[in-house]
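Residue numbers start from 1 in every chain, and the chains themselves are labelled A, B, ... in the order their sequence lines are given, proteins ahead of strands.
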Amino acid sequence: MARDLRIADLRDHAGEQVTLSGWVDVLRDQKQVQFLVVRDETGRVQVVNERAERPDIAEILSGLSVDSVVKVTGLVVIEPRVKLGGLEVRCERVEVLSLAEEAPINAASSLEKRMDWRFIDLRSARNQLTFRVEAEISDAFRQFCRSKDFVEINSPKLMASASESTAELFEVRYFDRKAYLAQSPQFYKQMGIASGFPGVFETGPVFRANPSFTSRHDTEFTSLDVEMGFVDSHEDVMSFEERLLAYALERVADRYGAEIEAELGGAVVPPRLPFPRIPHHEALRIVEASGYHIPRSDGDLDPEAERRLAAHVAEHLDHEFVFVTDYPASLRPFYHMRHSSDPGLTKSFDLIWKGLEITTGAQREHRPDELVAQIREKGFDPSAIQFYVNFFRFGCPPHGGFGLGLTRLVMVLLGAPSVREVTYLYRGPNRLTP
RNA sequence: GGACCUGUGGUGCAGCCUGGAGUGCACGCCGGCCUGUCAAGCCGGAGGUCGCGGGUUCAAAUCCCGUCAGGUCCGCCA
């Protein structure tokens, strides 16, 4: 029978004989008495052995090393002298399930070395918590979308052509021709609307061949994608996303808020609705007024501008989130719908949380003629993506959606210094292993 | 792709500017001591071609050039 007792539950078994399993956290091997701290995913407990009473056990314990895996049977005793929980297990039997060599890393090791030995690094309480939070968010995302009757899809990651620009695509050999790894499920989630689903969502990998050397980029990451039908404008999409995020952060706060505060030091406060919305041109004005001149020539916000905008919103509107809306068409892809009143502007938005861009979304152009014109305007050949244009020729509701970077979301939520810290196994320009 | 920064026992650092024997600190590891520890403590020990190559010099971890590996920020984006 598999392990059924966890360390956090020991308190309910005082006076009983129990069997517990876990990792050796530390061994204090004294002349008369030995103390072994055993760790599992729920906590730590002290195991004690009097050498004189059980020399056979003493010999086994002396041979243990940190991070070895043991199975211990003994009596649970309430013992006020023990600072670790006020209880201990008097060892009656110990089995070494796995003897560990000395670990090549510790909590102080550099990120690079910890990534080399990620399976050891993930054992830390901080990392265990990180991935439980990430799983909670994934589940909340799924629950929320399903509650709106949206259908979960799993779109292909192998594509014959680019969905946006070819610059950031990984090319792979596909029998006797070329294929590409999907940098977004963009086309395929829009297809779901043309296919008659009220809304679709997906949580899956996306691939970006950007040689980006920053703390917020990677070449493969998990994207939370939504596409919803019958929207009136991008406002409907923003409204959906802010309610989704509020729900997800509430769930994280409820289930892990105390642990996050204890382990990482920051409180999880579910955001107030609605999030502020600031049109792009207004955002530019705010940034300029803060005394920062954006050096780039295309008129878009750079990272420093986004941080300044976030600081402005935090100060004047008391909010950590801000939707930047209505980007100029020149800055957005061909599939973003444009305002009928001002064709120079798109019905699009970015979502910035604490100064970091975590989402791009928009209402899509679902009218074939307009779409083809916009594809041409951006310098692409509509015939190369005819399958995509076809989605809109046979009856397709107005629709919109967004993509949310899961690792960026968790990075901001937990105050991590890099997406590498919150990615199970990071992939970047210089990192393809382990 | 651009700018800047880093590379020193298993781990994290100091030493470099102002050249002088691989010098130091913390953690870990090994051994000994220790009557209940709990970040255990005390004593002792092992462990390093100072990323690599070349140059300057009587002498290079230290100065110069090259190279390799990584990081931060920018660009690109989620």
Side-chain angles (χ1 to χ4, degrees), chain A residues 25-37 44-53 62 65-67 77 79-88 90 100-117 120-121 164-165 167-169 183-186 203 205-226 241 294-298 300-307 331-333 349-353 356-361 402-412 417-420 422-423 428-431:
Chain A
D25 207 56
V26 65
L27 172 67
R28 287 185 281 274
D29 194 0
Q30 302 184 140
K31 188 168 194 175
Q32 308 290 340
V33 60
Q34 298 169 300
F35 300 100
L36 182 73
V37 176
R44 295 180 301 153
V45 69
Q46 173 166 291
V47 175
V48 64
N49 180 55
E50 301 274 353
R51 276 179 174 274
E53 287 177 25
S62 287
S65 53
V66 168
D67 277 354
V77 176
E79 174 52 85
R81 283 183 295 183
V82 181
K83 293 180 182 174
L84 186 60
L87 59 80
E88 66 187 11
R90 304 267 163 86
E101 296 176 35
E102 187 187 348
I105 56 163
N106 58 46
S109 297
S110 66
L111 179 57
E112 189 198 347
K113 282 173 179 152
R114 288 189 288 112
M115 285 195 294
D116 286 338
W117 297 94
I120 299 173
D121 183 45
E164 297 182 31
S165 72
E168 57 181 21
L169 282 180
Q183 85 269 48
S184 159
Q186 183 61 39
T203 164
V206 295
F207 304 90
R208 307 274 167 100
N210 292 322
S212 299
F213 301 96
T214 79
S215 59
R216 63 187 186 280
H217 287 91
D218 32 26
T219 50
E220 175 179 355
F221 64 93
T222 302
S223 178
L224 306 182
D225 274 276
V226 169
E241 185 177 15
I294 299 171
R296 54 192 295 163
S297 56
D298 63 4
D300 202 359
L301 300 163
D302 66 3
E304 173 62 17
E306 290 177 340
R307 288 188 285 270
L331 298 174
R332 298 306 241 196
F349 64 92
D350 276 5
L351 177 60
I352 295 170
W353 188 15
L356 183 67
E357 185 181 324
I358 61 171
T359 279
T360 293
F402 62 90
L404 172 62
L406 176 61
T407 37
R408 282 196 180 178
L409 180 69
V410 175
M411 173 184 171
V412 176
S418 165
V419 290
R420 295 160 172 79
V422 301
T423 303
N430 294 321
R431 170 71 62 171

Taking the same atom, [atom1], in [N] and in [M], what whole-Å distance lies between them?
N	M	atom1	result
B/G28	B/C42	P	12 Å
B/G41	B/C27	P	8 Å
B/C50	B/G20	P	16 Å
B/A26	B/U72	P	30 Å
B/A61	B/U49	P	14 Å
B/C64	B/U18	P	9 Å
B/G54	B/G71	C1'	26 Å
B/G9	B/G45	C1'	14 Å

task = Give, for atom CG of A/Asp25 and atom CD of A/Gln46, the distance between the pair rounded to the nearest 0.5 Å.
result = 11.5 Å
Would you list the protein and nucleotides 41-47 of chain B atom pairs, both N or O, that sit under 3.5 Å from each other?
none

Counterpart base for [N], defined by Watson-Crick or G-U wobble contacts under 3.5 Å:
N	result
B/A61	none
B/G45	B/C29
B/A69	B/U6
B/A78	none
B/G36	none

Please tell me if [X] has a side-chain N or O lying less than 4.0 Å from either OP1 or OP2 of [N].
X	N	result
A/Ser110	B/U11	no
A/Thr360	B/A78	yes
A/Lys113	B/G12	yes
A/Gln30	B/G36	yes
A/Asn430	B/G71	yes

ask   = Considering only heavy atoms and no angle criterion, is a donor-acceptor pair shorter than 3.5 Å present between the side chain of A/Thr214 and the base of B/C73?
value = no
query = Less than 3.5 Å between a donor and an acceptor, one on the side chain of A/Arg216 and one on the base of B/C73, is that the case here?
reply = no
Under 4.0 angstrom, heavy atoms only, what part of the nucleic acid is [X] near: base, sugar-phosphate, or nothing?
X	result
A/Asp218	base
A/Arg420	sugar-phosphate
A/Arg307	sugar-phosphate
A/Glu112	sugar-phosphate

Which atoms of nucleotides 28-33 of chain B (N or O only) lie under 3.5 Å from a protein N or O atom, and what are those distances?
{"from": "B/G28", "atom 1": "O2'", "to": "A/Glu102", "atom 2": "OE2", "distance (Å)": "2.8"}

Going by side chain to side chain contact (heavy atoms under 4.5 Å, CB included), name the residues that satisfy it together with [X], two or more places apart in sequence or in a different chain.
X	value
A/Val66	none
A/Glu50	A/Val33, A/Glu53
A/Leu331	A/His280, A/Asp298, A/Asp300, A/Tyr327, A/Pro328

Nearest-neighbour nucleotide for the [X] side chain, [options] considered:
X	options	value
A/Glu79	B/G36, B/U35, B/A78	B/G36
A/Ser215	B/G12, B/C73, B/C77	B/C73
A/Ser109	B/G36, B/G75, B/G12	B/G12

Atom-to-atom span, [atom1] of [X] to [atom2] of [N] - whole angstrom:
X	N	atom1	atom2	result
A/Ile105	B/G12	CD1	C1'	13 Å
A/Arg28	B/C34	CZ	P	19 Å
A/Phe213	B/A69	CZ	C1'	12 Å
A/Phe349	B/A78	CZ	P	11 Å
A/Asn210	B/C73	CG	P	16 Å
A/Asp116	B/A69	CG	P	14 Å
A/Arg208	B/G1	CZ	P	20 Å
A/Arg431	B/A69	CZ	P	13 Å

ask   = A/Glu50 or A/Ala108: which one's nearest nucleotide on RNA chain B is closer to the 5' end?
value = A/Ala108
ask   = 5'-most contact on RNA chain B: A/Asp350 or A/Pro104, nearest heavy atom basis?
value = A/Pro104
message = Does A/Arg44 have more than 12 heavy atoms from other residues, nucleotides or ligands lying within 6.0 Å of its CZ?
response = no
request  = For RNA chain B, determine which residues of residues 80-88 of chain A have any heavy atom closer than 4.0 angstrom to one of its atoms, and list them numerically.
outcome  = A/Arg81, A/Val82, A/Lys83, A/Leu84, A/Glu88
Sidechain-backbone polar pair: A/Arg332 side chain, A/Phe349 backbone, donor-acceptor under 3.5 Å = yes
task = Would you mind checking if A/Arg408 and A/Asp218 are paired as a salt bridge, meaning a charged N to carboxylate O distance below 4.0 Å?
result = no
request  = Look at A/Arg307 together with A/Asp302 and state whether they make a salt bridge at an N to O cut-off of under 4.0 Å.
outcome  = no
query = Pick one: which of A/Asp116, A/Thr219, A/Thr423 meets side-chain hydrogen bond (donor to acceptor under 3.5 Å, both in side chains) with A/Arg431?
reply = A/Asp116
task = Could you say whether the aromatic ring of A/Phe35 and the base of B/G36 stack, counting only centre distances under 5.5 Å and plane angles under 30°?
result = no
